Structures are given as C-alpha cells and as structure tokens.
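Each remark here refers to the structure printed beneath this line.
One-based numbering, in listed order, for ligands and for the atoms of each. Please read these numbers as outputs of a predicted model, since none were measured by experiment.
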Amino acid sequence: MDAMRQRSLHQTAVEQFQRAADLVGIEDRYRAILSHPKNEVIVNFPVQMDDGTWRIFRGYRIQHNNVLGPYKGGLRFHPDVNLDEVKALAAWMTFKCALVGLPLGGAKGGVTIDPSEHSEAEMQRIVRRFTHALGTNIGPEHDIPAPDVGTNSQMMDWLMDTFANLSGPASRHLVKGVVTGKSVLCGGSVGREEATGQGVLYTLRHWCGETGQRLDQLSVAVQGFGNVGGHFSRLANEAGCRVVVVSDHTGTVSSEKGLDIDALWDWAQDHGGIAGFADSAYGIGAEDVLTDELFTTPVDVFVPAALENQITAARAHVLQCRLVLEAANGPTTPEGETILESRGIEVVPDVLANAGGVIVSYFEWLQNKSSRAWSAEDVDSRLRSILWQASDSIVATRAELGCTRREAAYAVALRRLQAVYDRRDIFP
Ligand code: NAD
C-alpha cells in the first residue's frame with residue numbers, strides 16, 4: 001500500500017496548489033487563506049427509521065472560499081465521508097470554479113451514511129432533516145449544494161422543497177436556486193444529469209486536438225459507472241471510442257472488441273451495479289474479470305470516475321495507457337502522479353476534466369434566477385465553449401511555465417483568485 005495513502009487528503013489538496021503558487025509567485029497571505037476552509041459546519045441530526053427507532057447522522061458542509069461568488073459544491077452520501085475528505089473536496093471546488101471562470105466559490109458537504117441501507121422513505125427524511133440542520137448555512141445567494149457520489153436529482157428536489165418550505169411564503173419560489181442538479185420538472189436544467197460526463201468527453205476531444213489523436217480510434221477503461229462514469233462511457237461510445245473495461249463497486253467487466261455500453265447502462269440501472277451483466281443474455285462478448293485487470297488492460301485512456309486515491313504508486317506502475325483523464329475528484333495520489341510523470345503518461349486533471357458538472361449547475365442557477373429555461377443546444381454549446389477556453393488557457397500556461405497540466409490549471413485559477421483579492425483586499 002502507498003505509504004502516503006495514509007496522509008490527509010486535504011494536505012494533498014494544499015500541496016497541489018502550493019506547487020503552482022510557487023511557479024506563479026502567489027503572495028503568502030493568499031496562500032494562508034486558501035490553505036484553510038473559511039467555515040466548517042458539522043451537524044448531528046436525528047432521523048426516525050421505518051421501524052420506529054431513531055438514529056443520529058453526522059453531516060458536513062465545508063465552505064472553502066467565496067471571494068469569487070457564493071459557495072458552490074456537491075453533497076456526498078457515502079460511509080467513508082469524513083471532515084478531512086470534505087475539506088479537500090471543498091478546496092478543489094474553489095480552484096475548479098476559478099479555473100473555468102465561474103463567479104462562484106468552493107464548498108462541499110456530505111453525510112456519513114450507506115444509502116443502500118435505507119428505504120426511499122428513510123432517505124427522504126434524512127435529506128429533509130439534513131437540510132433543516134444546515135438551516136441558513138446554505139442559500140441561493142450564499143451556498144448552493146448539488147449532487148455528488150451517492151446523491152441524485154430526487155434528493156436535490158427534496159432539499160429544495162424543504163428549504164422553500166422553511167422560507168417565508170413570499171420568497172418560496174425565489175429560493176429554487178438554493179440547490180442545483182434538481183430534476184427538470186422541479187427547476188433543474190436540461191443537460192445537468194449528463195453534464196459532468198459530457199464535460200469529461202469535451203476535455204478528451206481537446207486533448208485529441210492538442211496531440212493529433214482521433215477520438216474514434218481510442219480505447220478506454222473506466223472505473224466507476226455511476227453518474228459521471230456511466231454518462232461518460234455512453235457518450236464516448238456514441239462518439240466512436242471503444243470502452244473495453246468498466247468497473248464499479250460490484251465488479252469488473254471487459255470485452256476486447258468494446259462493451260455494449262447501452263446494454264450495460266440499462267443493466268446497471270435495473271440491478272444497482274454491473275455485476276451479473278456478463279452472464280446475462282445482454283452481455284454478449286463481455287466477461288467478468290478481476291479488478292486488477294482494470295488497471296493492467298492496455299488502453300489509450302484510463303478514466304477514474306469513482307473515488308479518490310485510486311491511482312496509487314503500485315497502480316501507476318502497471319497502468320498501460322497514454323492518458324489518465326481524471327473524471328473523479330482526487331483519484332491520483334501524489335506518489336502515483338510522480339510515477340505517471342516518469343513513465344510519460346499524461347494527466348488531464350480533475351479540476352478541468354470534471355468541471356462540466358459545476359458549469360451546468362451554474363447555468364441552472366442562472367435559469368432559476370431569471371425563471372427561464374434554456375434549450376439543450378444552448379446548454380451544450382456554452383458548456384463546450386467554457387471548457388474549450390479553460391483547456392486553451394491550460395495549454396498556454398503550460399507552455400509559459402514549462403509545467404504539468406495540473407500545475408498549469410492551478411496557476412490559471414490562482415492568478416484569477418489573486419487578481420480579485422488584490423482589488424478587493426482583505427476586510428476588515
Ligand atoms: P455515483 O455515486 O453516481 O457513482 C459512483 C460510482 O463509483 C458507482 O458506479 C460506484 O459503484 C463506483 N465505485 C465506488 N467504489 C468503487 C470502487 N472501489 N471501484 C470501482 N468503482 C467504485 O457518483 P458520481 O456522481 O458519478 O461521482 C463520481 C466521481 O465524480 C466522484 O469523485 C465525484 O466527486 C466526481 N464528480 C461528480 C460530479 C457530479 O456531477 N455527479 C461532478 C464533478 C465530479
């Protein structure tokens with residue numbers, strides 16, 4: 001096991017931005033501010049279970065920085081959610097929003113819970129109680145959550161409804177933008193559901209343009225088949241990529257000729273995971289393989305789309321790909337990254353690759369503010385244009401500084417943050 005896997009994820013996030021801060025000469029006072037979240041909200045809230053018993057759950061909302069705009073970031077429901085993880089995820093949101101030029105800050109939240117252990121009725125009570133416990137720590141002009149691992153549009157609808165009902169009658173409809181990633185019926189944006197996966201694909205297209213590759217000739221391995229990994233796989237498959245191996249928490253399936261991604265997607269929706277697909281009538285040509293094969297199968301692009309710390313030093317040694325496209329947040333350990341670099345494997349960093357989610361969340365927030373609904377074409381073309389500009393700025397900054405893509409991404413973000421701090425200064 002990586003020795004460094006034991007260290008704090010937040011420390012990793014701080015070290016990542018400090019490296020870029022050295023390159024572009026960020027002032028010490030800004031480094032100090034960005035090394036800590038502004039606010040750490042921890043709530044313990046009671047919820048009644050279906051059998052009549054009560055349980056206490058622990059929830060977090062970490063507000064990292066809001067110099068560019070209201071705090072923004074997802075809510076994760078997972079058994080491993082803890083303060084250190086949420087602090088790291090909140091910091092990455094600040095740099096992501098700054099990199100892609102959104103007028104938003106960074107935050108993240110979550111509840112330490114295994115969603116698979118709860119009925120839909122329990123889950124609704126948990127989301128409503130969590131929202132109530134967060135109270136005025138969130139708000140449409142203050143801090144705007146969204147979905148992340150283990151949460152979905154139904155939960156965002158419950159959150160919005162709870163917040164709206166806690167607001168005065170006159171403002172009930174003004175607060176829809178308290179959360180993004182809602183269903184389209186309840187004020188969500190078309191294109192938000194698949195936005196993160198779509199964004200991952202746009203950054204892959206940009207990389208193809210940069211390096212002279214053809215998208216429809218690439219083979220791909222994907223870890224995680226939820227919102228991000230699932231939609232990315234579907235869209236990449238549609239674009240002509242060959243998705244040859246996919247894993248989730250239930251198993252790993254592979255097909256040298258390319259998996260039938262649409263059939264796998266339907267299977268995973270119906271069965272809660274990909275296990276059983278290869279043995280079913282739908283899994284023609286697919287076979288179950290050991291998890292290790294996800295990392296050792298030769299592919300052009302490896303796409304981590306599950307959780308953090310997946311590409312450890314040991315796995316970085318055995319990966320057989322040209323590009324790691326970080327759809328998940330923080331999937332590569334610092335040691336893993338050093339080994340990828342020494343092996344000449346490129347990395348498109350998380351703060352760019354998965355920014356499509358927060359970009360379309362921003363569009364949803366704008367639509368809620370103006371009570372208008374944009375077309376799918378509008379959403380898609382604006383998403384593409386923002387990611388294209390951000391990718392171009394990374395290429396230019398990389399050439400200027402002679403650094404990695406990740407360092408260049410942080411350099412772009414830090415320059416924006418420093419420029420705003422310079423003008424506003426630090427109050428009081
Ligand atoms: P999700 O809950 O929809 O899916 C997570 C997937 O990871 C599931 O398929 C699960 O089975 C799989 N998984 C969990 N543990 C695994 C393991 N050990 N090995 C293989 N697979 C495993 O979550 P999501 O929304 O798709 O988020 C995935 C990643 O993308 C996270 O890092 C998240 O922070 C990031 N992200 C999500 C969004 C978004 O809009 N949802 C936006 C930006 C970044």
Side-chain angles (χ1 to χ4, degrees), residues 9 13 72-81 85-86 88-93 95-97 100 106 108-110 113-116 145-156 179-182 188-189 191-200 203 221-234 245-253 264-265 267-269 271-275 277 289-295 302-312 315 325-332 349-364 383 387:
L9 195 65
K72 185 86 191 81
L75 291 177
R76 179 173 290 193
F77 280 21
H78 191 276
D80 296 338
V81 164
E85 178 187 63
V86 189
L89 291 163
W92 284 323
M93 286 306 299
F95 299 114
K96 193 179 301 181
C97 291
V100 298
K108 204 82 180 192
I113 184 176
D114 183 349
S116 70
D148 191 73
V149 173
T151 55
N152 56 32
S153 62
Q154 172 63 83
M155 298 179 188
M156 302 305 114
V179 63
T180 58
K182 302 179 291 291
S189 176
R192 174 60 185 89
E193 183 70 29
E194 62 273 32
T196 310
Q198 179 72 75
V200 176
T203 60
V222 184
Q223 184 196 36
F225 204 62
N227 175 284
V228 179
H231 284 298
F232 167 76
S233 301
R234 275 193 323 99
V245 52
V246 167
S247 80
D248 74 359
H249 70 289
T250 67
T252 306
V253 285
L264 185 61
W265 174 254
W267 180 272
Q269 299 305 300
H271 297 84
I274 63 179
F277 174 74
V289 293
L290 297 172
T291 314
D292 283 353
E293 290 198 30
L294 174 74
F295 299 96
F302 183 82
V303 186
L307 296 170
E308 49 270 4
N309 286 338
Q310 294 303 301
I311 305 181
T312 57
R315 286 170 172 171
L325 181 58
E326 292 187 337
N329 284 306
T332 311
D350 46 10
V351 284
L352 175 71
N354 68 34
V358 73
I359 293 170
V360 179
S361 274
Y362 169 60
F363 297 163
E364 179 174 334
L383 167 65
L387 282 173

Is the closest N or O pair between [X] and ligand 1 shorter than 3.5 Å?
{"X": "G226", "value": "yes"}
{"X": "G357", "value": "no"}
{"X": "F225", "value": "yes"}
{"X": "N354", "value": "no"}
{"X": "G150", "value": "yes"}

Strictly under 4.0 Å, does any heavy atom of G273 approach an atom of ligand 1? no

Examine ligand 1 and decide if any of its atoms is less than 4.0 Å from a heavy atom belonging to E308. no

Hey, is [X] touching ligand 1 through its side chain, its backbone, both or neither, going by heavy atoms under 4.0 Å?
{"X": "A305", "value": "backbone"}
{"X": "R76", "value": "side chain"}
{"X": "H231", "value": "neither"}
{"X": "N227", "value": "both"}
{"X": "A146", "value": "neither"}

What atoms of ligand 1 come within less than 4.0 Å of a heavy atom belonging to [X]?
{"X": "R192", "answer": "40 (O)"}
{"X": "A306", "answer": "7 (O), 13 (N), 21 (N), 22 (C), 28 (C), 29 (C), 31 (C), 32 (O)"}
{"X": "V228", "answer": "24 (P), 25 (O), 26 (O), 27 (O), 30 (O), 36 (N), 37 (C), 38 (C), 39 (C), 41 (N)"}
{"X": "N329", "answer": "32 (O), 33 (C), 34 (O), 35 (C), 36 (N), 44 (C)"}

Quick test: of every protein heavy atom, which one is nearest to [atom], and how far off is it to 0.1 Å?
{"atom": "atom 34 (O) of ligand 1", "answer": "D148 OD1, 2.6 Å"}
{"atom": "atom 40 (O) of ligand 1", "answer": "T196 OG1, 2.8 Å"}
{"atom": "atom 15 (N) of ligand 1", "answer": "L307 CD1, 3.8 Å"}
{"atom": "atom 19 (N) of ligand 1", "answer": "Q223 NE2, 3.7 Å"}
{"atom": "atom 23 (O) of ligand 1", "answer": "V149 CA, 3.4 Å"}

Side-chain donor or acceptor of [X] paired with backbone N/O of [Y] under 3.5 Å:
{"X": "D248", "Y": "G251", "value": "yes"}
{"X": "E326", "Y": "A353", "value": "no"}
{"X": "Q223", "Y": "P304", "value": "no"}
{"X": "T252", "Y": "L294", "value": "no"}
{"X": "N152", "Y": "M155", "value": "yes"}
{"X": "T250", "Y": "A275", "value": "yes"}

Rounded distance [0.5 Å steps], [atom1] in [X] versus [atom2] in [Y]:
{"X": "I359", "Y": "E364", "atom1": "CD1", "atom2": "CD", "result": "14.5 Å"}
{"X": "S361", "Y": "K72", "atom1": "OG", "atom2": "NZ", "result": "4.0 Å"}
{"X": "Q198", "Y": "L383", "atom1": "CD", "atom2": "CG", "result": "6.5 Å"}

For side chain to side chain donor-acceptor pair (under 3.5 Å), just list the numbers for N354 and N329, CA-CA rounded to whole Å, side-chain angles, deciding distance to a tenth of an Å, and then say yes or no. CA-CA 8 Å; N354 68 34; N329 284 306; 3.0 Å; yes

Evaluate the ring planes of F225 and W265, with Trp represented by its six-membered ring, and classify them as parallel (under 30°), tilted (30 to 60°) or perpendicular (over 60°). perpendicular

Could you work out, for atom 11 (O) of ligand 1, the closest of H249, E326, Q310 by heavy-atom distance? H249

From CA spacing to verdict: salt bridge (Lys or Arg N to Asp or Glu O under 4.0 Å), R76, E308: CA-CA 13 Å; R76 179 173 290 193; E308 49 270 4; 3.1 Å; yes

Testing D350, I311, T312 one by one against T332 for a side-chain contact (heavy atoms from CB on, under 4.5 Å), which residue passes? I311

